[in-house]
Each structure stands twice: as structure tokens, then as C-alpha cells.
Q: 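Submitted below is the structure of interest, expressed as C-alpha cells.
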Amino acid sequence: MKAYQQGWTLRRRVAALLGVVVVLLLGLAGAEAAVAAQNRQNIDAVLLKTGPLRVQAQELMSALLDQETSVRGYAVNGDRTDLEPYQEGVKREQSLAASIRDLSADYPDVRRSLDVVEQETAQWRSQVAEPVITTVERDGPAAGQALITDATRQQFDGIRSSVNTLQDEILTVRQETADRVNATSNTLVVLLIIAALVVTTAGVVMLLSLDRILIRPLAALVGQVREVADGDYRHRIEGSGPPEFRRLAEDIDQMRMKIARELDEVREARERIEWVNSQLQKQAEELTRSNRDLEQFAYVASHDLQEPLRKVASFCQLLQRRYAGQLDERADQYIAFAVDGAQRMQRLINDLLAFSRIGRLTTGFTEVDLNKVMGDVAGQTEAAVQYADAELTWGEMPTIRGEEPLLTNLLVNLVSNSVKFRRPDVPPKVHVSARLVDGEWEISCRDNGIGIEPEFADKIFVIFQRLHSKDAYPGTGIGLAIVKKIVEYHGGRVWVDTDADEGTTIRFTLPALEADIEAAKAAEAAEVAEAGEQAEAAEGDPAAVGRQPDGEAREEPPAEADGHGTNGGMKETVG
């Protein structure tokens with residue numbers, strides 16, 4: 001920390017240099033702003049004052065010429081209409097004189113010249129123009145022409161000379177203002193050059209300073225760090241230059257020592273990990289052998305165990321048929337127990353084999369139309385549906401990627417459960433529907449059966465878990481476990497909808513095809529646009545709410561409790 005406090009820090013050095021440069025630039029910027037303001041004033045004077053003054057002086061001369069020409073024409077013809085230019089010229093003269101007076105507020109010489117022109121013009125009108133007009137009106141054109149002499153012409157020439165003097169004064173003022181514009185522009189350029197020199201000098205000084213106090217010490221530090229990075233963890237790192245670099249070198253050296261200690265620990269840990277990996281490899285080999293044994297067991301269960309089990313069941317059934325009633329009642333009961341046990345063992349083995357084959361014996365995923373699958377499900381469950389006088393319906397079903405046999409088994413288990421767990425004296429109704437939710441198809445199987453209590457909603461998917469005795473509802477208790485395994489194998493999830501008002505509703509999800517997701521997004525965008533159009537139409541015409549585009553009232557059909565799904569779709573009723 002003591003080394004860190006010795007000398008100026010890099011930040012302090014850079015801040016001092018930048019402070020000097022900023023002060024110089026601010027002074028130059030202030031001077032440039034003052035000169036630029038003065039330059040703008042001079043330019044405004046050229047563009048907004050001297051320029052218009054010159055134009056208006058020329059127009060003033062034109063107005064005076066119109067007056068003189070009009071008076072002479074009236075003296076020749078005696079036509080009153082010849083005086084209209086004279087009257088217009090007087091008005092223009094007065095307007096232009098007022099404008100020139102306003103623009104020349106800062107130019108006294110121009111004002112004095114304007115005063116001379118106005119005095120001579122007023123004198124000419126009182127001594128020449130007005131007497132000529134009065135004489136012509138009283139005595140005729142001949143008398144008026146007699147008043148126009150060389151003296152009157154010379155008097156008007158004097159007015160022309162005064163106007164020319166006025167124009168010369170305006171040109172003089174304009175030239176002086178233009179000279180001031182050039183002077184301020186040159187001064188502004190000089191200040192900009194000085195600012196550029198200051199910036200350039202500051203940049204050169206900054207580069208040289210950075211090379212000495214930053215780049216060289218940093219390059220030396222980088223060289224030492226590379227030696228450590230190449231594997232020389234015992235190399236001590238020493239810093240130079242500003243206090244920040246010396247402190248950085250100390251921190252890096254501490255980090256080097258810490259890394260060296262941790263590398264020693266890593267070497268020890270690597271040896272332990274290699275030992276653990278060897279143990280895991282042995283366990284993996286053991287697991288592989290165990291899986292082979294399980295597959296061999298499955299083969300034995302499906303072939304070697306099935307045959308003696310069928311033989312036991314067959315001979316027990318023969319005993320039951322041939323000697324029923326010939327032995328005592330207890331013997332008949334024992335035979336019935338043996339037949340039932342053999343048959344239940346057969347069903348358990350078959351269900352366990354089916355459960356173990358899910359995901360292990362695969363035919364590969366293909367695009368499966370669930371509408372076709374529901375047709376197969378209806379055929380496989382036809383006997384149970386007819387026996388229970390049930391009604392099986394389904395809505396429009398999607399196409400997904402999966403294994404068709406497994407999906408058929410999945411829906412057969414759900415429909416069979418819905419028919420099995422029915423209420424007494426109530427015809428079962430089973431409805432299968434689908435909807436797209438967040439990029440997944442959510443498929444529901446709803447019935448009007450006995451229902452499931454919320455606390456047992458998760459228990460029913462556990463293998464061999466039963467909520468009722470086998471005497472009340474037959475089965476092995478593995479059907480919904482198979483359903484869950486098939487759904488999870490296809491990348492979905494399954495659950496019981498505990499909010500159902502009646503019966504049981506089991507929902508599961510399956511990934512949707514990309515085309516279905518894009519189509520749903522397009523349909524949603526179209527619905528939003530249509531809703532916006534209807535809202536705009538409703539603002540203009542409140543009576544349009546609830547009407548079709550042709551203006552007729554729309555009546556929504558009532559929803560059917562056990563009919564088609566959200567898409568209309570297919571319906572099959574058996575019973």
C-alpha cells in the first residue's frame with residue numbers, strides 16, 4: 001500500500017494534462033463564440049439591411065420616374081387616367097422611404113441622403129407636379145405643357161442625382177459591412193487553427209506520456225504474466241511505472257501464488273477423480289451386465305414363465321369344469337382361487353412386460369394422425385363400450401410425432417378406465433379433445449364417472465397403486481402407470497384436472513409440430529386484427545356490436561356438454 005501511494009497516480013497525471021487542455025480549449029471556444037456572434041451580426045447586416053436598402057433605393061428611383069412620366073403624359077393628353085401612375089408612385093415613394101428609414105437606423109449617412117431626396121421630391125411636387133396638374137385641369141393641356149420647361153427638367157435631374165448619391169451611400173455601407181464580415185471570418189479561422197494546434201500538441205504529449213508511463217510498464221508486466229502463463233508458476237512478478245501498475249503487479253503475484261497452491265490441490269483432486277472414475281466405470285459395466293440380465297429375465301418371463309403358467313391355468317380350468325359340483329363346496333372354492341390367481345399372474349406378467357418395453361423396443365417416431373388413432377381406439381374398446389352402454393366422442397385431433405402403437409395403447413387405457421370406473425345406473429360418456437397451449441397439444445379425456453379425490457391425484461399414476469379393491473373394479477393397477485410412461489417417453493406430462501365439476505378429467509401434453517405452432521400464431525394475429533377492426537367499427541356505429549359484416553345480428557350456438565370438441569370434428573356413439 002505504501003508503494004501505491006508514492007508519486008502521482010496515472011489518473012492524476014492524465015487529469016492534470018486534460019485539465020490544461022480543457023482550459024485552453026474553453027478559452028478558445030469563448031473567443032470563437034464571440035467572434036462568430038459578431039460575424040453573424042455582420043452577415044445579417046449584409047443580407048437583411050444593406051441588400052434590401054439597395055433594392056429599395058432602386059425601387060424608389062423607379063417610383064419617382066413613374067411620377068415624372070405620369071405628370072408629363074397628363075400635360076400632353078389631359079387624360080385623368082394618366083395620373084394613376086403618379087398617385088401610385090407617390091404611395092410607393094412614401095412606403096419605400098419609411099422602409100429605408102427603418103433599415104438605415106444604424107447608418108446616419110444613408111438617412112441624411114434619404115432626407116435630401118425627400119426634400120427635393122417634395123419641392124418638385126409642390127413647384128412642378130401639382131401646378132401642372134392644376135393648370136391642365138383648369139386651362140387645358142397646352143397651358144400645362146407651357147409649365148414644363150428646361151428648369152423643371154433640371155430640377156428633376158437634381159432628384160435623380162440625390163437618389164444616385166443615396167445609392168452610393170448604401171453601396172459604401174454594404175462594402176464596409178462586407179469588409180467586417182471578411183475580418184471576423186479570418187479571425188474565426190485563425191482561432192480554429194490555434195484550437196487545432198492545441199489539440200494536436202495535447203495529443204502528441206498524451207501519446208508520449210502514455211508510452212512512457214503506461215505502455216512500457218504494461219508491456220513489461222504482460223511479459224512477466226506470460227512467463228507465468230507458460231507454466232513458470234514460481235516466477236515472481238514485479239511492477240513498475242505508476243502506483244496503479246505496481247499495485248496490479250502485487251495483486252497478480254498474489255494470484256500467482258494462490259494458483260500455485262490450488263494447482264497442487266488440483267493435482268491431488270485429479271488423482272482422486274481418476275480413482276472415482278475407475279470405480280464409476282466398474283459400476284457402469286456392472287449396470288450394463290445387470291441390464292443384460294434384466295433383458296434376459298424379460299425374455300424368460302415372456303417365454304419360459306408364460307408356458308408353465310398357462311399350463312397351470314389350463315389344468316385348473318379343466319378341474320373347475322370337469323369336477324364342479326362333484327367335490328365339496330370348499331374344494332370348488334379352492335379351485336376357483338387357483339384359477340383366479342393364475343389368470344391374475346398372467347395379466348401381471350403381461351402388463352409388466354408391456355411396461356418394460358416402453359421406450360426400449362422402439363419403431364421410431366413418425367407423424368401420427370390422432371384422428372386415425374381414435375378410430376382404432378374406438379374399435380379396440382367397442383366391446384366394453386357396448387357392454388356398458390357407453391358413448392365415446394372426440395373432437396378434431398392433431399397430427400404429432402410419436403409411435404402410433406404406443407399412442408393407441410395410451411388412449412385405449414384412458415378410455416377403458418373411463419368406462420370401467422362408471423357410476424351405477426348412469427350411462428358412461430367419454431369425450432376426448434385437444435387444444436394448442438404454449439407450443440404443446442393438451443389432450444383431455446373427460447368422463448362422467450365416479451371421479452378421483454384431489455389427494456389421490458398423483459397416487460393413481462404409481463405402478464400397482466389401486467384406490468379400490470379388485471372385487472369392486474378388476475385390473476392390475478398398472479394402466480395409468482403405462483399411460484404416464486408413454487407420455488413422458490414422448491416428451492410430455494400427465495395430470496388429473498382436480499377442478500373438474502363432474503367425473504374425471506385426465507390431461508396430458510404432447511409436443512406440437514412447428515407448422516401447427518406457426519398456424520396458431522397466424523390465426524391469433526388475424527383474430528387480433530379482426531377484433532381491432534370490429535372495435536373501430538363499434539366506435540363509429542354502436543349498433544354494429546354483435547353483428548356480422550353484413551349487418552345481421554349474430555347468435556352463438558349453445559355449447560354441447562358431450563358433443564364435439566373445440567374444432568367440431570368426429571363423433572362416434574356406441575350403445
Side-chain angles (χ1 to χ4, degrees), residues 362-378 392-408 410-411 414-415 430-446 483-484 486-497 499-501 505-572:
T362 177
T363 60
F365 279 20
T366 59
E367 291 192 1
V368 180
D369 184 1
L370 294 186
N371 290 297
K372 177 179 178 299
V373 170
M374 284 305 302
D376 296 339
V377 170
L392 171 61
T393 60
W394 63 90
E396 182 67 24
M397 303 297 287
T399 298
I400 65 163
R401 286 192 60 80
E403 294 191 22
E404 184 172 347
L406 293 180
L407 294 173
T408 303
L410 161 66
L411 290 168
L414 291 178
V415 172
V430 185
H431 182 70
V432 180
S433 61
R435 62 172 182 167
L436 191 62
V437 179
D438 297 333
E440 293 181 319
W441 285 108
E442 181 184 288
I443 301 174
S444 305
C445 180
R446 186 180 74 244
V483 167
K484 182 179 180 182
I486 293 175
V487 170
E488 291 176 348
Y489 174 66
H490 284 80
R493 54 193 177 86
V494 62
W495 71 96
V496 176
D497 187 355
D499 296 331
D501 296 333
T505 299
I506 295 180
R507 304 183 187 274
F508 63 93
T509 61
L510 295 173
L513 298 178
E514 190 65 27
D516 293 338
I517 298 175
E518 295 297 331
K521 290 180 179 178
E524 183 178 358
E527 290 178 359
V528 171
E530 183 180 356
E533 293 176 359
Q534 291 179 355
E536 292 178 359
E539 291 178 0
D541 181 12
V545 179
R547 294 181 178 271
Q548 296 284 6
D550 59 0
E552 296 180 358
R554 180 178 61 187
E555 182 179 354
E556 296 291 340
E560 297 181 7
D562 298 298
H564 303 299
T566 56
N567 297 322
M570 304 173 61
K571 176 178 178 180
E572 176 171 327

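The structure presented is a predicted model; accordingly, all values stated were derived computationally and were not measured.
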Q: Taking all atoms of both residues into account, what is the closest heavy-atom pair of Ile506 and Val494, and its distance?
A: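 It is CG2-CG2, 3.9 Å.
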
Q: If we only count heavy atoms from C-beta on, is the Trp441 to Leu513 side-chain gap below 4.5 Å?
A: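 In short, these two side chains do not touch, never coming nearer than 4.5 Å.
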
Q: Looking at side-chain heavy atoms only, is the closest gap between Val483 and Phe508 below 4.5 Å?
A: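 Of all side-chain heavy-atom pairs linking Phe508 with Val483, none is under 4.5 Å.
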
Q: Tell me the closest heavy-atom pair linking His431 and Gly395, and the distance in Å.
A: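 Of all heavy-atom pairs spanning His431 and Gly395, the closest is CE1-N, 3.9 Å.
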
Q: So, Thr509 side chain and Arg493 main chain: donor-acceptor pair closer than 3.5 Å or not?
A: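 Between the backbone of Arg493 and the side chain of Thr509 there is a qualifying donor-acceptor contact (under 3.5 Å).
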
Q: Which residues satisfy the side-chain hydrogen bond (donor to acceptor under 3.5 Å, both in side chains) test with Thr505, sequence neighbours excluded?
A: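 Partners of Thr505 by the side-chain hydrogen bond (donor to acceptor under 3.5 Å, both in side chains) criterion come out as none, since no residue qualifies.
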
Q: Applying side chain to side chain contact (heavy atoms under 4.5 Å, CB included), can you list everything that pairs with Leu407, at least two apart in sequence or on another chain?
A: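 Result, side chain to side chain contact (heavy atoms under 4.5 Å, CB included) vs Leu407: Val368, Leu370, Ile400, Leu410, His490, Leu510.
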
Q: Does any part of the side chain of Arg446, heavy atoms only, come nearer than 4.5 Å to the side chain of Asp497, both counted from C-beta?
A: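 No, their side chains stay 4.5 Å or more apart.
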
Q: Can you tell me how far the CG atom of Leu436 sits from the CD atom of Glu442, to the nearest 0.5 Å?
A: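 Going from the CG atom of Leu436 to the CD atom of Glu442 covers 10.0 Å.
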
Q: Does some side-chain heavy atom of Met397 sit less than 4.5 Å from a side-chain heavy atom of Val373?
A: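 When only atoms from C-beta onward are counted, Met397 and Val373 do not touch, as no gap falls below 4.5 Å.
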
Q: Test Met374 against Leu411 for side chain to side chain contact (heavy atoms under 4.5 Å, CB included), laying out the working first.
A: CA-CA 8 Å; Met374 284 305 302; Leu411 290 168; 3.7 Å; yes

Q: State the OG1-CZ distance between Thr366 and Arg401, to the nearest 0.5 angstrom.
A: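 Rounded to the nearest 0.5 Å, the OG1-CZ separation comes to 7.0 Å.
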
